[in-house]
Amino acid sequence: YKQETELNLLGGDISLFACGFGDSGGTPGMLEQLPPLLNIIRADPDQNGKILYRVIALVDNDHPGRSLIRGLTQQYRQLRAFRDIFILNRIFPRTASEPNALTSQIEKYNEDWKGLDCEIEDLLGQDLIELFLEENPNSLRRDPIVMNGRCHYEWTDNAKGKIFNFTKQYASLNDITELVELLKSLRFYLGLPAEGI
């Protein structure tokens, strides 16, 4: 994206990090790490009481991710879906940023895939996934689930690292268009220039 536009979507005004790796990551890691991190940020404002950092979470739209959002927003009343915690969808419209309006817009734009899980790998281009599967034919736990032209893949545990490395090595901008659009939307919701800096 930077090569084609000379703009950065990450770095400078926004960073991306995992809550943990391996067994310390995923939804259990998010449940353990996010509330204390938010408490630390709130407890350390500048001299005028302004919060210096903002952290949002992005979780997969699968059973563990949906359960995590329900659990966190019920347990921590200051957390709100689509303000503090975002559940992954195929389309994140840049039409609103207020949580209630945004929730409604996301539901509307993703109606065609209601009930179809969405994990970050599902946003990779179909051609790239097909090339990966040609080289790594035993990477899926089961056949892809297809709904209204979109797929959800259940990858084996060791395939996730392989597809990450394959994407880093071989993906063109066209193969990661939906990931770029996701980053632009998150920037928009945070009040940053959507196209990057």
Side-chain angles (χ1 to χ4, degrees), residues 9-10 14-42 53-94 96-124 129 140-141 144-145 147 150-157 159-161 163-164 167 176-192 194:
L9 293 171
L10 292 171
I14 188 173
S15 297
L16 179 72
F17 60 93
C19 63
F21 298 97
D23 291 338
S24 64
T27 51
M30 186 80 68
L31 182 61
E32 293 169 359
Q33 302 298 327
L34 182 63
L37 176 59
L38 293 173
N39 287 336
I40 290 168
I41 290 169
R42 278 193 292 277
Y53 302 99
R54 180 163 178 205
V55 172
I56 61 169
L58 177 66
V59 300
D60 287 334
N61 193 347
D62 56 8
H63 179 72
R66 291 186 295 269
S67 294
L68 175 68
I69 284 189
R70 274 192 307 274
L72 283 173
T73 55
Q74 288 171 0
Q75 187 173 356
Y76 300 96
R77 60 188 169 182
Q78 74 274 17
L79 295 179
R80 289 194 60 197
F82 297 112
R83 184 191 72 192
D84 305 300
I85 308 171
F86 290 78
I87 192 157
L88 189 63
N89 279 271
R90 285 165 174 78
I91 298 174
F92 278 99
R94 293 188 284 277
S97 59
E98 188 279 322
N100 291 332
L102 181 56
T103 300
S104 173
Q105 289 292 297
I106 288 171
E107 287 173 3
K108 174 184 163 189
Y109 277 80
N110 290 278
E111 181 67 30
D112 286 346
W113 309 289
K114 189 175 184 175
L116 181 65
D117 286 356
C118 184
E119 298 179 21
I120 200 74
E121 298 87 0
D122 295 334
L123 301 185
L124 294 172
I129 290 176
L140 294 175
R141 294 181 193 271
I145 302 168
M147 182 186 289
R150 301 305 267 283
C151 296
H152 170 63
Y153 300 90
E154 288 288 334
W155 302 97
T156 61
D157 290 339
K160 287 206 172 205
I163 197 165
F164 171 76
T167 300
I176 59 166
T177 299
E178 290 186 24
L179 293 173
V180 167
E181 290 304 311
L182 167 63
L183 287 172
K184 287 180 180 181
S185 293
L186 291 176
R187 292 179 61 84
F188 174 83
Y189 304 147
L190 292 170
L192 302 171

Problem - side-chain hydrogen bond (donor to acceptor under 3.5 Å, both in side chains) against Y153, all qualifying residues, sequence neighbours excluded - result: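 Expected list: Q126.
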
Handout entry: NZ/NE/NH1/NH2 to OD/OE distance under 4.0 Å, R94 and E181
Key =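 Salt bridge: yes.
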
Exercise for the section: With side-chain contact (heavy atoms from CB on, under 4.5 Å) as the test, would you mind laying out the steps for L102 and F86 before giving the verdict? Expected result: CA-CA 11 Å; L102 181 56; F86 290 78; 3.9 Å; yes

Could you check whether any side-chain N or O of [X] sits under 3.5 Å from a backbone N or O of [Y], counting only pairs where one atom can act as donor and the other as acceptor?
{"X": "N110", "Y": "I91", "answer": "yes"}
{"X": "D60", "Y": "G65", "answer": "no"}
{"X": "R83", "Y": "E98", "answer": "no"}
{"X": "T27", "Y": "P64", "answer": "no"}

Could you give the distance from [atom1] ([X]) to [atom2] ([Y]), rounded to the nearest 0.5 Å?
{"X": "C118", "Y": "R150", "atom1": "SG", "atom2": "CZ", "value": "8.0 Å"}
{"X": "L186", "Y": "L58", "atom1": "CG", "atom2": "CG", "value": "6.0 Å"}
{"X": "L38", "Y": "Y76", "atom1": "CG", "atom2": "OH", "value": "10.0 Å"}
{"X": "I129", "Y": "W155", "atom1": "CD1", "atom2": "CH2", "value": "5.5 Å"}
{"X": "L140", "Y": "T156", "atom1": "CG", "atom2": "OG1", "value": "7.5 Å"}
{"X": "K184", "Y": "R187", "atom1": "NZ", "atom2": "CZ", "value": "10.5 Å"}

Beyond-backbone contact of [X] with [Y], side-chain heavy atoms, under 4.5 angstrom:
{"X": "D157", "Y": "R141", "answer": "yes"}
{"X": "N100", "Y": "R80", "answer": "yes"}
{"X": "R66", "Y": "N61", "answer": "yes"}
{"X": "I85", "Y": "L34", "answer": "yes"}
{"X": "P93", "Y": "I106", "answer": "yes"}
{"X": "L182", "Y": "L88", "answer": "yes"}

Which pair of non-hydrogen atoms, one from [X] and one from [Y], has the smallest distance, and what is that distance?
{"X": "Q78", "Y": "N39", "value": "NE2-OD1, 4.2 Å"}
{"X": "I69", "Y": "A81", "value": "CG2-CB, 4.3 Å"}
{"X": "L179", "Y": "L123", "value": "CD2-CB, 3.9 Å"}
{"X": "H152", "Y": "D122", "value": "ND1-OD2, 2.6 Å"}
{"X": "P35", "Y": "L31", "value": "CD-O, 3.4 Å"}
{"X": "T103", "Y": "F82", "value": "OG1-CD1, 3.2 Å"}

Handout entry: Working for side-chain contact (heavy atoms from CB on, under 4.5 Å), residues K114 and E111
Key = CA-CA 5 Å; K114 189 175 184 175; E111 181 67 30; 4.0 Å; yes

Exercise for the section: Please step through side-chain contact (heavy atoms from CB on, under 4.5 Å) for the pair E154 and E119, ending with a clear verdict. Expected result: CA-CA 9 Å; E154 288 288 334; E119 298 179 21; 4.0 Å; yes

Exercise for the section: Begin with the C-alpha distance, continue with both residues' side-chain angles, and end with the deciding distance and a verdict on side-chain contact (heavy atoms from CB on, under 4.5 Å) for I120 and F164. Expected result: CA-CA 10 Å; I120 200 74; F164 171 76; over 6 Å; no

